[in-house]
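Predicted, not measured: the structure shown is a model, and the values here were computed from it. Residues: numbered from 1 along the sequence shown.
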Amino acid sequence: MPIDATRPYDDDNIFAKILRREVPCRTVFEDDHVLAFHDINPLAPNHILVIPKGRYVSWDDFSSTASDEEIAAFVRAVGVIAREAGLVEPGYRLLANVGADGGQEVPHFHLHLFGGRGLGPMLAR
Ligand code: 5GP
């Protein structure tokens, strides 16, 4: 069920529980500002979720209210994760779903990193 990305942050969302270690995850990367872990329902051989540790609902929220330090840490972490997964040479895809039309289901901002096979067209026609 897609979320309304204009709602306030919900501390009961599943990624908040992962950040509080109440729910396990398979961690790929972690630093002061960022956590990355394998998606529980992978859509490609590599399907990694990259999330900020701060309480941001969506790309819109993150890009407008996160500090420059958090945004820089996030962008750099995505690059590190892709490089360490060996995805630069074969290529990969980054995706952020936002709100209802974007099909966002978890109301904590996250980037999907897909790789490991040809990923086909960007959107279904
Ligand atoms: P969205 O549709 O919000 O962009 O994507 C949410 C993603 O979170 C989905 O790909 C879904 O499989 C993943 N996900 C949902 N719950 C969990 C969970 O408990 N653990 C992990 N690792 N991924 C989850």
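Applying the salt bridge (Lys or Arg N to Asp or Glu O under 4.0 Å) test to residues at least two apart or on different chains, none of the pairs has a partner in residues 103-125.
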Using a 3.5 Å cut-off and no angle test, enumerate the donor-acceptor pairs between side-chain atoms of residues 81-98 and protein atoms at least two apart in sequence or in another chain.
{"unit_1": "Arg93", "atom_1": "NH1", "unit_2": "Leu119", "atom_2": "O", "d": "3.3"}
{"unit_1": "Arg93", "atom_1": "NH2", "unit_2": "Gly120", "atom_2": "O", "d": "2.8"}

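Minimum interatomic distance between Gly54 and Glu70 (heavy atoms only, all atoms of both residues): CA-OE2, 4.3 Å. Nearest heavy atom pair, residue Ala44 against residue Gly115, reads CB-O, 3.6 Å. Of all heavy-atom pairs between Pro2 and Ala100, the closest is CB-CA, 3.8 Å. Nearest approach of Pro45 to Gly116, heavy atoms of both residues: CG-O, 3.6 Å.
With hydrophobic clusters built from ILVMFWY side chains whose heavy atoms lie under 4.5 angstrom apart, Val34 does not share a cluster with Leu49. Taken together through direct or relayed side-chain contacts under 4.5 Å among Ile, Leu, Val, Met, Phe, Trp and Tyr, Phe15 and Ile71 form parts of separate hydrophobic clusters. The hydrophobic cluster containing Ile14 does not contain Val28, counting ILVMFWY residues as joined when their side-chain heavy atoms lie under 4.5 angstrom apart, directly or transitively. Under a hydrophobic-cluster definition in which Ile, Leu, Val, Met, Phe, Trp and Tyr are linked whenever side-chain heavy atoms come within less than 4.5 Å, directly or via other members, Leu111 and Ile51 are assigned to different clusters. Both Val78 and Phe62 belong to a single network of hydrophobic side chains, linked directly or stepwise wherever heavy atoms of I, L, V, M, F, W or Y lie under 4.5 Å apart.
For Arg20, the side-chain hydrogen bond (donor to acceptor under 3.5 Å, both in side chains) partners at least two apart in sequence or on another chain are Glu22. For Asp60, there are no side-chain hydrogen bond (donor to acceptor under 3.5 Å, both in side chains) partners at least two apart in sequence or on another chain. In terms of the side-chain contact (heavy atoms from CB on, under 4.5 Å) criterion, residue partners of Arg7 (sequence neighbours excluded) are, by chain and number, Asp4. Under the ring-ring contact (aromatic ring centres under 6.0 Å, His included) criterion, His112 pairs with His47, His110, Phe114, not counting sequence neighbours. For the side-chain hydrogen bond (donor to acceptor under 3.5 Å, both in side chains) test, no residue two or more places apart in sequence or in another chain qualifies with Asp31. In this structure, the side-chain contact (heavy atoms from CB on, under 4.5 Å) partners of Arg21, at least two apart in sequence or on a different chain, are Glu30, Leu35. Here Thr65 pairs with Tyr56, Asp61 under the side-chain contact (heavy atoms from CB on, under 4.5 Å) rule; sequence neighbours left out.
Under a 3.5 Å cut-off, the side chain of Gln104 and the backbone N or O of Val106 do form a donor-acceptor pair.
Here the CD1 atom belonging to Ile18 is positioned 9.0 Å from the CG atom belonging to Asn13, to the nearest 0.5 angstrom.
Taking a 4.5 Å side-chain heavy-atom cut-off between Ile, Leu, Val, Met, Phe, Trp and Tyr, the cluster of Val57 extends to Ile3, Tyr9. The hydrophobic cluster analysis finds Ile40 isolated: no Ile, Leu, Val, Met, Phe, Trp or Tyr side chain comes under 4.5 Å of it, directly or through other members.
Residues Leu19 and His108 meet the side-chain proximity criterion, which asks for heavy atoms closer than 4.5 Å.
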Inset, instruction - Show the numbers, then the answer: is there a side chain to side chain contact (heavy atoms under 4.5 Å, CB included) between His38 and Ile48? - result: CA-CA 5 Å; His38 292 283; Ile48 296 168; 4.2 Å; yes
Inset, instruction - Go through Lys53 and Asp32 one step at a time and tell me if the side chain to side chain contact (heavy atoms under 4.5 Å, CB included) criterion holds. - result: CA-CA 8 Å; Lys53 289 187 171 178; Asp32 288 348; 5.9 Å; no
